[in-house]
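Since the structure comes first, as structure tokens, the remarks are kept for the end.
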Amino acid sequence: MKALSGLLIGAIFGFILHRGGVVRYSRIIGALLLRDLKAMNFMFTGLAVAALLYGISDLMNLGIVPRINGYFGTGHIIGGILFGIGMAVAAL
Amino acid sequence: MLGIFIGVFIYEILFSTVSAIGGEPSVITLAMVFNISYGYLAIIFGVLFIGMSFFLSMIDPAKKFDKIKEEKPILQREWGWIFTGAIAGVLIFVSTALGEYLSFSGGFLALGAYLSSFFGYSFTSVPSLNESTLWRAMLTLGIFPGAFLSSYLAKTLYQERVTPLFQEAFSSNMAIRGFTVFVGGIMMGFGALVGGGCTTGAFMSGWPTLSIGSFVMGGTFFMAAMVTAHIMFFGKYRLVGEVKEKMKLDLAND
């Protein structure tokens with residue numbers, strides 16, 4: 001049952017990514033060149049809504065606690081540089 | 001796709017070396033640094049970023065190109081960032097409420113582990129296949145029918161194979177475009193696993209948790225991506241606007 005919820009969330013997310021135009025080449029490259037900010041706005045809104053919901057549920061003690069990605073120094077920098085170059089080259 | 005999986009497999013093969021970089025991860029968030037309540041800080045953070053989105057949308061240089069195609073029926077046209085962004089945010093929250101975490105780099109790793117387990121190989125970087133890894137694998141699998149459905153409804157399945165901006169800036173050769181996606185995919189798959197997250201996992205899902213690790217990763221990859229994009233498009237920056245205007249770029253041809 002739970003696996004199905006994963007499939008469903010993934011499908012809605014895929015639908016939204018395509019439908020919001022965030023998968024378009026000109027949108028990704030445009031965002032990186034600061035010439036088309038829609039993809040940026042999509043991501044900022046998504047993370048803002050998630051932050052608001054987390055914040056509200058934390059203050060109301062709903063017990064919904066996000067998993068925190070650990071901090072491990074240089075790994076972030078090496079991985080980030082590789083991922084960033086890949087992101088611009090593929091524009092995904 | 002194939003590129004990302006190759007990136008995942010390289011990570012798996014190099015796992016023992018790569019996981020030693022930087023040592024043990026430590027859980028640290030912005031709320032801990034400032035020593036204030038997570039809830040309040042998350043709300044301030046959320047309000048700040050929504051405000052920023054509206055501000056950026058006002059100064060967006062590409063906005064004028066999006067006005068033209070409003071007349072298409074709703075299932076065929078592209079939707080705005082407020083609606084789609086908000087749904088993405090809710091999905092991130094729902095995933096957490098289910099006890100999971102919405103991220104695709106981890107998802108591809110889990111999917112890779114499942115697929116290879118059919119061939120009798122078990123990933124050392126994914127110690128056990130359980131309910132949580134299955135959830136992530138299914139999440140990643142779900143992306144494809146979801147995006148396919150959107151594309152089918154928008155009647156964009158048979159669009160031009162090389163996107164016009166790439167043709168104008170570099171080449172209309174399908175093999176060259178395919179190669180860039182392939183190489184980029186390998187770097188993204190591998191880089192995301194080494195650095196602790198992709199655009200979704202480290203940025204969209206990671207930043208709301210105020211995780212310092214996600215801030216560092218998100219900041220680094222955006223800087224690297226911007227520098228790379230500027231090098232690639234050096235002297236060709238105007239093309240983004242010009243091609244958009246000339247070709248009337250939308251979901252169907254981009």
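Letters go in sequence order (proteins before strands), and every chain restarts at 1.
Of the two parts of B:Arg136, neither the backbone nor the side chain holds a non-hydrogen atom closer than 4.5 Å to a non-hydrogen atom of chain A. In this structure, chain B has no heavy atom under 4.5 Å from any part of A:Ile28. Using a 4.5 Å cut-off between heavy atoms, B:Thr140 does not touch chain A at all. Interface remark: A:Ile12 contributes backbone and side-chain atoms alike to the contact with chain B (heavy atom separation under 4.5 Å). Interface residue B:Phe203: backbone and side-chain heavy atoms are both found under 4.5 Å from chain A. Using a 4.5 Å cut-off between heavy atoms, B:Thr200 contacts chain A through its side chain alone, with no backbone atom that close. Contacts between A:Val65 and chain B at a heavy-atom distance below 4.5 Å involve the backbone alone (N, CA, C, O). Contact of A:Met40 with chain B is made through the side chain alone, with heavy-atom distances under 4.5 Å. For a residue to count as touching a neighbouring chain, one of its non-hydrogen atoms must lie under 4.5 Å from one of that chain's; by this rule B:Gln76 touches chain A with the backbone only. Using a 4.5 Å cut-off between heavy atoms, B:Val90 contacts chain A through both its backbone and its side chain. Looking at A:Ala39, neither its backbone nor its side chain comes within 4.5 Å of chain B, counting heavy atoms on both sides. Only the side chain of B:Trp207 comes within contact range of chain A, with heavy atoms under 4.5 Å apart. Proximity to chain A involves both the backbone and the side chain of B:Ser57, based on heavy atoms less than 4.5 angstrom apart. For chain A, the nearby parts of B:Ile92 are the backbone and the side chain; heavy atoms of each come within less than 4.5 Å. Contacts of B:Phe182 with chain A are absent, with no heavy-atom separation under 4.5 Å from either backbone or side chain.
A centroid separation of less than 6.0 Å is found between the aromatic rings of B:Phe104 and A:Phe13.
Residue A:His18 holds its NE2 atom at 12.0 Å from CD1 of B:Ile143, rounded to the nearest 0.5 Å. Between the CZ atom of A:Arg67 and the OG atom of B:Ser205 there is a distance of 9.0 Å, given to the nearest 0.5 Å. One distance of note links CG of B:Leu165 with CD1 of A:Ile29; it measures 7.0 Å at 0.5 Å rounding. To the nearest 0.5 Å, atom CD1 of residue B:Ile82 and atom CG of residue A:Asn41 are 8.5 Å apart.
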Candidate pair A:Lys2 and B:Glu100, rule salt bridge (Lys or Arg N to Asp or Glu O under 4.0 Å), full reasoning: CA-CA 10 Å; A:Lys2 194 172 175 194; B:Glu100 296 297 340; 2.8 Å; yes

Stepwise salt bridge (Lys or Arg N to Asp or Glu O under 4.0 Å) test for A:Arg27 and B:Glu78: CA-CA 12 Å; A:Arg27 292 247 190 253; B:Glu78 191 175 315; 2.8 Å; yes

Side chain to side chain contact (heavy atoms under 4.5 Å, CB included) between A:Ile9 and B:Leu98, worked out: CA-CA 11 Å; A:Ile9 290 176; B:Leu98 287 169; 3.7 Å; yes

Side chain to side chain contact (heavy atoms under 4.5 Å, CB included) assessment of A:Ile56 paired with B:Ile43: CA-CA 7 Å; A:Ile56 293 166; B:Ile43 289 176; 4.1 Å; yes

From CA spacing to verdict: side chain to side chain contact (heavy atoms under 4.5 Å, CB included), A:Leu32, B:His230: CA-CA 8 Å; A:Leu32 297 178; B:His230 276 88; over 6 Å; no

Pair A:Asn69-B:Tyr101, side chain to side chain contact (heavy atoms under 4.5 Å, CB included): steps then yes or no: CA-CA 10 Å; A:Asn69 271 338; B:Tyr101 188 86; 3.3 Å; yes

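A:His76 contributes no side-chain N or O that, together with a main-chain N or O of B:Val216, makes up a donor-acceptor pair within less than 3.5 Å. Using a distance-only test at 3.5 Å, with no hydrogens or angles considered, no donor-acceptor pair links the side chain of B:Thr228 to the main chain of A:Ala88. Using a distance-only test at 3.5 Å, with no hydrogens or angles considered, no donor-acceptor pair links the side chain of A:Arg19 to the main chain of B:Ala147.
Classified by interplanar angle (parallel below 30°, tilted 30° to 60°, perpendicular above 60°), the ring pair A:Tyr25/B:Phe166 is perpendicular.
Side chains of B:Phe93 and A:Leu52 form no contact here, defined as non-hydrogen atoms less than 4.5 Å apart. The closest side-chain heavy-atom distance from A:Leu37 to B:Pro61 is below 4.5 Å. By the 4.5 Å heavy-atom criterion applied to side chains, B:Met217 and A:Tyr71 are not counted as neighbours. Annotation: side chain of A:Phe42 is in contact with side chain of B:Met204 (closest heavy-atom distance under 4.5 Å). At a threshold of 4.5 Å between non-hydrogen side-chain atoms, the residues A:Ser5 and B:Trp135 count as touching. Put simply, the side chain of A:Phe83 reaches to within 4.5 Å of the side chain of B:Cys198, judged on heavy atoms. At least one side-chain heavy atom of B:Met226 sits under 4.5 Å from a side-chain heavy atom of A:Leu34.
Contact count against chain B (heavy-atom pairs under 4.5 Å) is highest for A:Ala50 among A:Ala91, A:Ala31, A:Ala50. Options A:Leu47, A:Asp58, A:Val49, A:Val89 differ in how many heavy-atom pairs under 4.5 Å they form with chain B, and the most are formed by A:Leu47. Between chain B and the options A:Leu33, A:Leu82, A:Leu62, A:Ile77, heavy-atom pairs under 4.5 Å are most frequent for A:Leu33.
Heavy-atom contacts from other residues, nucleotides or ligands closer than 6.0 Å to CD of B:Glu131 number 12 or fewer. Under a cut-off of 6.0 angstrom, the local environment of OH in B:Tyr237 is crowded, with over 12 non-hydrogen atoms contributed by other residues, nucleotides or ligands. No more than 12 heavy atoms of other residues, nucleotides or ligands shown are found within 6.0 angstrom of CE on B:Met223.
Interface with chain A: from residues 44-51 of chain B, residues B:Phe45, B:Gly46, B:Val47, B:Phe49, B:Ile50 qualify, criterion being any non-hydrogen pair under 4.5 Å.
Between the side chains of B:Thr96 and A:Tyr54, at least one donor-acceptor pair of N or O atoms lies under 3.5 Å.
Between A:Met87 and B:Met188, the closest heavy-atom pair is N-CG, 3.7 Å. Closest non-hydrogen pair, A:Gly80 versus B:Ala224, comes out as O-CB, 4.1 Å.
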